[in-house]
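Encoded as structure tokens, the structure appears first; notes follow it.
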Number of protein chains: 2
Amino acid sequence: MFQALADPTRRAILIRLCEGPASVSELARPFAMSLPGIVQHLQVLEGSGLVRTEKIGRVRSCSIVPATVRLAEGWLSARRTAAERRLDRLESFLDSDDPPTTTRSTS
Amino acid sequence: MFQALADPTRRAILIRLCEGPASVSELARPFAMSLPGIVQHLQVLEGSGLVRTEKIGRVRSCSIVPATVRLAEGWLSARRTAAERRLDRLESFLDSDDPPTTTRSTS
DNA sequence: GGAATACTTAAGCATGTGCTTAACAATTCA
DNA sequence: TGAATTGTTAAGCACATGCTTAAGTATTCC
């Protein structure tokens, strides 16, 4: 998932898909890149679950999957809040003289 | 930033750093990987701004930078809400007969 | 049917990434 | 001082990644 987000072209494709579904060649138009190149990026995006595609007739329609984006978001949020929570505890420990609830070093 | 998050070892390092700062060799301990390998991952993490390091004496102390994590989170959040907003408009359009506020196709 | 459209597949190539080992600092401490 | 600890640098290697071109395969439209 983060692997899929790591490439600027793929992020640009995601940004475009926020405005609505698009065909492969519509997605390719803004880029100075061959169609197969774009298709390969789409495969990575689809493999990560960030994008869903459906072929109707000869045109493949691509759309973003918000739930998967939210998943990545949730991962980051969990880490960040854990880190911040720790910093908050540290801060309040430094501010007051009250003994903290639990620590191992200060027996 | 997403590039830095794309590697599982680096994500594991981040998870560890949520619990507090750690030295390079402390970070390396859980992994079946040489020290230089870990150092290289730390360089990527520091380059992305996700981790801050400071060398005191002969030990380098590494800590997570929540603000940068929040930045990545914000990027994802912006995309997701844009995509969801569009889907909500679509849904309410399908549910009611009221004309939507703005669209280009239905002049 | 036959030409145009919209992709798809396959192959190949240059560069990037993740890792290793080996050798080299720099710091601490007996 | 000199040995142990902690990290750094450099080189090299295997494999992954991002791209290309060339040649297919469906679909649609005339």
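In terms of position along DNA chain C, the nucleotide closest to A:Val59 lies nearer the 5' end than the nucleotide closest to the other residue of the pair A:Gln40 and A:Val59. The nearest heavy atom of DNA chain D to A:Gln3 and to A:Ile38 marks one nucleotide each, and the one closer to the 5' end goes with A:Gln3.
Residue contacts for A:Gly57: at a heavy-atom cut-off of 4.0 Å it reaches the sugar-phosphate backbone alone, with no base atom in range. Counting non-hydrogen atoms under 4.0 angstrom, A:Glu26 reaches nothing in the nucleic acid. No engagement by B:Ala28 is indicated, since no non-hydrogen atom pair under 4.0 Å with the nucleic acid exists.
Taking side-chain N and O atoms only, B:Ser23 has no distance below 4.0 Å to OP1 or OP2 of D:dT6. Listed pair A:Arg58 / C:dA4 fails the phosphate criterion, with no side-chain N or O lying under 4.0 Å from OP1 or OP2. Residue B:Arg10 has a polar side-chain atom (N or O) positioned under 4.0 Å from OP1 or OP2 of C:dG18. Residue A:Lys55 places at least one side-chain N or O closer than 4.0 Å to OP1 or OP2 of C:dT8.
Between the CD1 atom of B:Ile56 and the P atom of C:dT28 there is a distance of 11 Å, given to the nearest Å. Look at CG on B:Leu5: it is 14 Å from P on C:dT17, rounded to the nearest Å. With rounding to whole Å, B:Leu42 atom CG is found 13 Å from D:dT9 atom P. The interatomic distance linking B:Asp7 (CG) with D:dT17 (C1') rounds to 14 Å, in whole Å. The distance from atom CD of B:Glu54 to atom C1' of D:dG7 is 15 Å, rounded to the nearest whole Å.
Listed nucleotides C:dT8, C:dG18, C:dT20 differ in distance to B:Ser34; the shortest reach to its side chain belongs to C:dT20. When distances run from any side-chain atom of B:Met33 to the nucleotides D:dG7, C:dT8, C:dC19, the shortest one goes to C:dC19. Set against D:dG18, D:dA10, C:dT8, the side chain of A:Leu35 has C:dT8 as its closest nucleotide.
Between the CG atom of B:Leu27 and the NE2 atom of B:His41 there is a distance of 11.5 Å, given to the nearest 0.5 Å. Here A:Arg70 contributes atom CZ and A:Thr68 contributes atom OG1; the two are 11.5 Å apart, rounded to the nearest 0.5 Å. For the atom pair A:Met1 CE and A:Ser48 OG, the distance stands at 7.5 Å (nearest 0.5 Å). With rounding to the nearest 0.5 Å, the separation of CD in B:Gln3 from CG in A:Asp7 is 8.5 Å. Within the model, atoms CZ of B:Arg16 and CZ of A:Arg79 stand 13.5 Å from one another, a figure rounded to the nearest 0.5 Å.
No hydrogens or angles were tested; on distance alone, nothing pairs the side chain of A:Gln43 with the base of C:dT8 as donor and acceptor under 3.5 Å.
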